[in-house]
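In what follows, a single structure is set out as structure tokens and then discussed.
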Amino acid sequence: MKGNNLGELEELIMLVAATLFNEAYGVAIKEELEKTAGRKVNISAIHATLNRLEEKGLVVSRMGGATAERGGRRKRLFTVTAEGQQALAESRELRNGLWKQIPDVAFKFGIA
Amino acid sequence: MKSHPPYPEPPRWATRFLHWYCREELLEEIEGDLLELYQGRLEEDGLRYARRHYCWDIIRFMRRYTIRKPNPRPNLNTVPMWKNYFKVSWRHLLRQRGFAILNLTGLSIGIAAFLLILMYVSFEHSYDSFHKSADRLYIITDLEYKSGPAEIDSSLLAGQPENSRSNYWLPLPLGPAVAEEVPQAKHVSRFTTGNAVAFLGDDPMDQAVAFGDEDFFRMFSFDFLEGTPEASLNDRYDVVITREMADRYLGKGAVLGKTIRLSINGEEQDFTVSGVIDALPPNSMFDFEMMVRTEFRPFYEMHLERWNNYNTMTLLEINEGSTEEALLESLEQLKQKYLEDYTARVQERSGLPEDVLAYRLMATPVPEAHLNRFAHMSNTSDPLYSYVLAGIALIILLVASINYISLTMSRSAGRNMEVGMRKSLGATSKHVLTQFLGEAVLIAFLALIIAVGMVLLVMPAFRELTGRELPLDLLLDPRIILVTLAAVFLTGLMAGLYPSLYFSRFKTPLVLKGRSSANIRSGFMRTLVIFQFSLCVFLLVCCFSIYRQMSFILEKDLGFNTDQVVMIKGYPDDFMQGIEDKVELIRTRLSGDPDVEGITGTSLGFARGWSQVGFDVGEKELRALNYRVDPYYLDLLDIKLIEGRNFSTTPGADKGAIIVNEALVKEMKWEEPIGQVIPFVEAGSEVIGVVKDYHARSLENEVQPLILHQTPEADGIHAFYVKLQAGRIPEGLDKVKAAWKDVEPDKPFTYFFLDEDVRSQYKEYLNWRSLLTVSTLFAIAIACLGLFGLSGVNAYNRTKEIGIRKVLGAKVSNLLWLLNRETLFLILLALAIGIPPALWAMSGWMENFSYTVSLDWVFFAMCAAVVTVLAFMSVSYHAFRAATSNPVNSLRYE
């Protein structure tokens, strides 16, 4: 369905996933999110969001990259799809557009 | 940032939990992430922190998309599947017809027995609960302690305390007194029964009547076909009759306002029909066809003054909102006002301390009166009996169900192949479960239907057996329906459970290849059979004991001879005078007739009640039974005179003399009884003779002191016995009837055979005996069935072994012994378990009787023998078949 309305967390996660291209999986996304945005998100929320995004077709996943740290278990790596990119772009445009429309007066905080 | 193993592991329980709820596909990535995080936290923040967050994260991961979806498999139990199940079940049934019928019958019988007994118990507990104000209706009783202690033990097993006496016959004036003095009383009525002569055309008929007050029908709800309860006994000359009576005396159609002529105690009166009621329901303590007002009771005026004559039932309905405590309070005050003297005397005599009441008035709720153990009314039963019966019913059902289960189990053994096939075609254990459960439950319900049919069939016989007119719509009682359905369903469930569990253990390839050697575990069945047989033993012993006791009772020498004796009821015009002169006339008329061996007049027949009088002899209070007789009494009944002489036949002689029995002599501690004078009547009565003790009352009671007298003031002659010539009884009876008609043309000729009369005292016990016999037969049938099943299982389990033994040369007899060793053990165990409780129960029951038969070891040996024979008969089929089977068949697959 065109015009995916992304939730705030969804958008953030997608952006981070795109940033971590080829390295985007649960824990990495969580840490990056915390590092760059200062947001502490529970790992389960991240997984759930990614799952939802995949269902919507905005990301795709594949298994890969087992490490000893993970007891030999593989990671599920996510990449943003074209639709995902589109959705992000639309969101950005929407924000920009709205910003442009704000009169100067709105944000002049001084002595009232 | 990596830690090398060994590192402290994350909590295992949490991991297990994760594995339990999480879907397979997601498990790897989730667990991997969790581990990674754990590692990180371990290094940064320590073990505790890491563990805590690990667990917390696992909990947080429980979301809808992670949780396993139950049974993703396609549902194979669709409608066509059920059709297949049904078809296969049916075929099995047909193939093993014998077994199936046996099984079905067993369960049906069990359910039928259960239903019948349940109906009986529910009926017994429903007495008089149909009245609209049932919860506010009470019957007044009294309770008197002859000596201390004065505690009322209301526990189930307590009988009436030895030292107390309770009864519901109270003085006539109590009714009006209650109406006046007890503010809680809304309606009050007395109730007594008596006899009258009614006229059907010109023929006099013996008619039982009841006497009540105008509030009676306002308190008790009976269906009025004509007239209303409020106007039922308002007028003095009103009479309320049943429809049947109306038809009999006044013809069909409306009868309200018509008159019936009744002669009560010699006085003829015309009564106006003010109400017609439906026949009284069987579950009520009242059983009458005609009621008039209490004022017409014989000696009404006289008894109205007397507070020491106990002859009337008093019933009352309390106001809504009144409590029982308040009622008892009022009764207590009433007692103090009117019964002061008697209370004082009883208190003194009992020796109880002043603050403990030796005599009090109580109120029993009417719906409970039927089961009241203390005040034995005419057709009450001990509630203990109902509970015992209910227990038996439950046990029979349990046993039948267990049987059904075990038989089903043993039958299912042969279905290995089928189950193997199904499993290889994709059936899961759940499917197998469904199949067998469904089959078992279905058959169980089939048995239920058959059982209901059985109940309907057997109803008339059952009514006969229990002496209760059980209505069929008892079956529709929701409680009974619920309980039965639940029980049947449960049985089916359990029956189907074991086979399916048994089959789910199979490895399919093994089964298909040939015979699987898995044994049916017979441990469970074995316990069941022991239980069944113990129950059997218990019931058998009880049954035999009761039989013995009843035979003993019925054959015991009562001390007098009832053969060929007929009692004829008299209808005196003057109650006090009685029919003495009439008896004389009849005697003269029939003297010399060879068919009539003797005639004697008496006050009361044996089973028709008893009269007891109490009077003070010096310091002592003597209570004695008393009968008015004439000089021919002792001879006619073969009562032995051991001292002194009989009444003289000279008319007018010995009017003040009395004859007593040994018990009285013993009670009075006389050395020389002849010549003693006791104040039986005011003027004193002289003892002229002593008779050997005999049982004037039923054998439940010990022989009491007895007075035979000829004093008209004390009692009149109201009946007479005629001894007829053996073999000429009908002719003799006719002659007596003719003589009666001459002498008393206006009175009905009502006769009873004395021996039947005496037997009827034990009616309840005979009923009990029948009931118990039936139960025992049930239990035996079912236990044998159980054993049959068990032996089948055993034989199956040991097929291989038997085959091998046979090949090695074992004889049939050896094998039989081998197989039945276990049976013997079972029986011994069952005997050991079953006999002690039976002994205990029986000795308790025997306490009802003052005269009991002893249960010696011969008796028990007999019981043991019976049980053994039955057991061996049950196992013989399978044992024999196994022992004579062809080893080729059993060892073919090895």
Side-chain angles (χ1 to χ4, degrees), chain A residues 7 9-10 12-14 16-17 19-80, chain B residues 1-69 72:
Chain A
L9 190 61
E10 285 177 333
L12 279 178
I13 287 181
M14 278 180 73
V16 171
T19 312
L20 293 175
F21 180 72
N22 259 351
E23 299 279 339
Y25 71 101
V27 177
I29 293 177
K30 174 179 157 73
E31 282 172 356
E32 188 68 22
L33 217 47
E34 198 170 331
K35 195 166 68 176
T36 52
R39 285 280 291 264
K40 293 204 183 166
V41 188
N42 186 274
I43 182 77
S44 62
I46 293 178
H47 273 247
T49 312
L50 286 167
N51 188 44
R52 210 178 320 133
L53 287 170
E54 187 164 12
E55 270 171 16
K56 288 190 194 172
L58 305 177
V59 297
V60 284
S61 69
R62 65 179 197 285
M63 299 300 287
T67 71
E69 209 179 347
R70 294 165 67 85
R73 292 171 181 78
R74 294 173 296 167
K75 311 169 188 174
R76 187 175 282 272
L77 303 162
F78 292 85
T79 38
V80 180
Chain B
M1 212 158 92
K2 295 187 202 129
S3 296
H4 297 283
Y7 56 80
E9 299 240 338
R12 215 174 275 154
W13 65 266
T15 317
R16 265 214 299 262
F17 183 50
L18 180 70
H19 279 254
W20 175 72
Y21 78 72
C22 186
R23 280 165 48 185
E24 282 295 332
E25 314 87 83
L26 303 172
L27 199 55
E28 190 181 358
E29 71 213 53
I30 292 180
E31 204 176 350
D33 275 7
L34 284 171
L35 261 178
E36 203 178 319
L37 287 174
Y38 178 75
Q39 293 280 8
R41 288 171 182 142
L42 198 60
E43 284 193 20
E44 302 243 337
D45 302 292
L47 180 63
R48 276 231 270 187
Y49 181 86
R51 285 171 72 98
R52 202 166 30 146
H53 276 77
Y54 182 80
C55 299
W56 178 237
D57 283 343
I58 284 186
I59 293 177
R60 288 290 302 266
F61 256 113
M62 273 176 70
R63 289 162 170 261
R64 200 166 20 182
Y65 83 100
T66 55
I67 293 184
R68 287 178 196 267
K69 277 213 210 105

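Side chains included, hydrogens not; waters and symmetry mates left out as well; all remaining heavy atoms used. Lettering of chains follows the sequences in order, A, B, ..., and the numbering in each one begins at 1.
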When heavy-atom pairs shorter than 4.5 Å are enumerated against chain A, which of B:L37, B:D57, B:I30, B:D33 gives the highest number?
B:D33
Heavy-atom proximity to chain B below 4.5 Å, by part of A:A45:
both
Heaviest contributor of heavy-atom pairs below 4.5 Å to chain B, chosen from A:G72, A:A48, A:G26, A:A28, is A:A48
Would you mind checking which part of B:F61 comes under 4.5 Å of any heavy atom in chain A, side chain (CB onward), backbone (N, CA, C, O), both or neither?
both
Rounded to the nearest 0.5 Å, how far does NE2 of A:H47 lie from CZ of B:R60?
13.0 Å
Within 6.0 angstrom of B:Y65 OH, more than 12 heavy atoms from elsewhere
yes
Would you check if A:M63 and B:E29 make a side-chain contact, meaning some heavy-atom pair closer than 4.5 Å?
yes
So among B:E28, B:E36, B:E31, which one has a salt bridge (charged side-chain N to carboxylate O under 4.0 Å, His left out) with A:R73?
B:E31
